[in-house]
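Below, chain A is the first sequence line, B the second, and so on; all start at residue 1. Quick note: numbers below take in every heavy atom, side chains included, and nothing from hydrogens, waters or symmetry partners.
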Number of protein chains: 2
Amino acid sequence: MCLDGVTNCVPVMSEGRSVLHRREVSGLTATIDDVARVAGVHRSTVSRALNPRTQVKLSPETTRRVQRAARELGYVPNAVARGLRTNESMSVGVVIPDLLNPIFPPIISGIDSILRPAGYTALVTDIQGGLDAYEVALASLRQRRVDGFILATAQLDEGESFHRLHEQGVRAVLVNRAAASSPFPVVHGDDAGGMREALDHLATLGHVRIAHLHGPEWLSTTEGRRAAFDEWSRRHPEVTVTGSYCGPLTPEGGQEIMSDLLDASPEAWSRPTAVVTGNDLMALGALRALRARGLHCPGDMSIVGFNDMPFADEFSPPLTTVRVPLRQLGIESARLLVQQLHDEGGGGMELTLPVTLMVRGSTAPPPG
Amino acid sequence: MCLDGVTNCVPVMSEGRSVLHRREVSGLTATIDDVARVAGVHRSTVSRALNPRTQVKLSPETTRRVQRAARELGYVPNAVARGLRTNESMSVGVVIPDLLNPIFPPIISGIDSILRPAGYTALVTDIQGGLDAYEVALASLRQRRVDGFILATAQLDEGESFHRLHEQGVRAVLVNRAAASSPFPVVHGDDAGGMREALDHLATLGHVRIAHLHGPEWLSTTEGRRAAFDEWSRRHPEVTVTGSYCGPLTPEGGQEIMSDLLDASPEAWSRPTAVVTGNDLMALGALRALRARGLHCPGDMSIVGFNDMPFADEFSPPLTTVRVPLRQLGIESARLLVQQLHDEGGGGMELTLPVTLMVRGSTAPPPG
DNA sequence: CTGTTAGCGCGTTCAA
DNA sequence: TTGAACGCGCTAACAG
């Protein structure tokens, strides 16, 4: 088709062959009108033939003719136009605190494995830890009319803000981090259970002086684990809790507070013989701090991480850590969101996924 | 405003106060018409007042009035409607082969740091290595009318396909991987230079039997490094190249071909004393294979990786590897794309970023 | 400087 | 079973 050598093709929009020509020249995709013309039917018929839901009301013959025309023209429905009409963008905003934290790729991957088959596209936004970046991201995604959100950025005190969003009709699911009182479903690992497993493991090894190097207090993960830590230590009076140290959930954070801890008690007899860290990145920093003092893990001190981020088993020593089913976290949160988007409820529920202690090389009996 | 207690509010769309009410009840955002009504001007005036480019042509007084009204109503321009009208979605499709490969987060992060300030949103799509998934992703993104692509998935033989896209008016930039003949700009690390540095380093250490464990042949990175490997070995006849082994760029791939290599020459005297791998993941697998045989790195064999992925320095031993400026790769590719989108040319150019050999613990003089 | 008009491409009423 | 008409929210042309 369009074999003639027309060169100065005025962009007449709705006149016979020229539309096809426009397409082949500039790459602009065919519209529904083009398909209608080629199939010899009306636009609305094309729309119906291409939509599985309305397709049943057409004669098979017409359906086939339309679909053949569409295929011939390489017709691709314009998602923007459809979105304007249907008020559904078939996209979901996924907001994460820091893409460079290795726990997020598996979560995102899990999310995607559910959203894509359901017809949704994930718009992943990394806010790099910034609070105002979070606001901007939210605004930008709402402006793009995403159908819902998966938020991995929740802070404990965001409940009120979430309630406002909820009242505005915003659909969302929280993943990994929860808010104190949230109208949105939450999917997270069993922080308390993981902490207990870690402590039981250390106690079994014979540790009696244990510290907790945790993350910022405004995170639900911190709170859950710290509460479990306190609770456990109350039930195990034979174990001395030598303090609870707070720092950012980064290698630098871990390194710094471990250094502080070592400064505070330079003598081995007073120092904790084991620490549980807020996540694996902090554990990594703690390892570095130890190394910097010429101390060894697990010889001089045992370390338990949290999350079992990718490659935690390749560290030196391989990290003993509480495995959180990261990919599954993504899967379940996406499922819950799709459920909401299909008006199948599920609001406000809390899904706690079981965790597993991975015992590896960074824990051993205490020195001496 | 809207203080009256109207309860059964029929959704009259364009009648006075009820629009406001609709908004407060259901969360539907105010439209440009609502703002126009409140500000007492025409829609187009609102549009102009809110668009920095056209704003100059308005009286400051009007501009202020409109902006105040917009703020009061919490007006957020509908990006979907705007996209339909302007035929610009202000979004860019970023297609990557595998999100779980740690080299991609830094690349994506770099891309984002350029796109976001330029007003674009990155639509990151992970094709999980699947070729048909790639086609689907491309179609889906085009259907969403992305303004351009950043492709990290290029295969050597894709030149023709890229030319077709280019002729259709598609804007794109290739990152990390190139195609044999591409109309699109390419940004990648200096594969050949990195390989030479790695080999020089090994030669200096005294290695005379070196192997290359490389990735799939259809990748430009593989080709570039292998060509440099061959070229270098031709110039260094004193060094025996003990073979070139191909496998997937994963830990499993590296583990398997290293096992094969060890099977092929079980005796230490015939075995290569050093290998350069296609990337750090393969290096990781090679390390595992070594360990599985009770061999040590670097004692029995030295290993050089490629990319310097995050945490490669935390492996055991810390990996000697060719650092590719991953984040910069992302930054430059995004820059080039934005340039194209602004019609500032830059098409077809090739940007080769310098790489650095990071000498760490996985290389040492050969045994014996 | 501002208002009017006219679609962007689609899905969804209504009628026939 | 199909066609006609309408409008989603916005911006770009053209007037005035």
message: So if I take the C1' atoms of five pairs at each end of the helix from dC1(C)-dG16(D) to dA16(C)-dT1(D) and get each local axis, what angle do the two axes make, rounded to 10 degrees?
response: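 Its terminal axes enclose an angle near 40°.
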
Atom [atom1] of [X] and atom [atom2] of [N]: how far apart are they, to the nearest Å?
| X | N | atom1 | atom2 | value |
| --- | --- | --- | --- | --- |
| I32(B) | dT2(C) | CD1 | C1' | 14 Å |
| N87(A) | dG9(D) | CG | P | 7 Å |
| N78(B) | dC8(C) | CG | P | 18 Å |
| Q143(B) | dC8(C) | CD | P | 20 Å |
| R65(B) | dG3(C) | CZ | C1' | 14 Å |
| D33(B) | dT11(D) | CG | P | 12 Å |
| D34(A) | dG9(C) | CG | P | 9 Å |
| L73(A) | dG9(C) | CG | P | 14 Å |

query: Sequence neighbours excluded, which residues qualify as ring-ring contact (aromatic ring centres under 6.0 Å, His included) partners of F162(B)?
result: F184(B)

query: OP1, OP2 of dT2(C) versus side-chain N and O of S59(B): anything below 4.0 Å?
result: yes

message: Just N and O in the side chain of R82(B): are any of them under 4.0 Å from OP1 or OP2 of dT11(D)?
response: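 Yes, because at least one side-chain N or O of R82(B) sits under 4.0 Å from OP1 or OP2 of dT11(D).
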
task: Output all residues satisfying side-chain hydrogen bond (donor to acceptor under 3.5 Å, both in side chains) with T121(B), sequence neighbours left out; order by chain, then residue number.
output: R144(A)

statement: With sequence neighbours left out, the residues meeting side-chain hydrogen bond (donor to acceptor under 3.5 Å, both in side chains) with D112(B) are R116(B)

field: Along DNA chain C (nearest heavy atom to each residue), the more 5'-positioned of L58(B) and L84(B)
entry: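 Here L58(B) is the residue nearer the 5' end.
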
- prompt: Heavy-atom distance under 4.5 Å between the side chains of Q339(A) and P185(A), does that happen here?
  reply: no

pair I32(A)-S47(A): side-chain heavy atoms closer than 4.5 Å: yes

Quick one: side chain to side chain contact (heavy atoms under 4.5 Å, CB included) partners of [X], sequence neighbours excluded?
| X | result |
| --- | --- |
| E332(A) | V187(A), Q328(A), R335(A), L351(A), L353(A) |
| E160(A) | R164(A) |
| V136(B) | none |
| S181(B) | H163(B) |

All N/O pairs under 3.5 Å across the protein-nucleotides 12-16 of chain C interface:
none

- prompt: From the list dG3(C), dC10(C), dC8(D), which nucleotide is the closest neighbour of the side chain of T45(B)?
  reply: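 It is dG3(C).
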
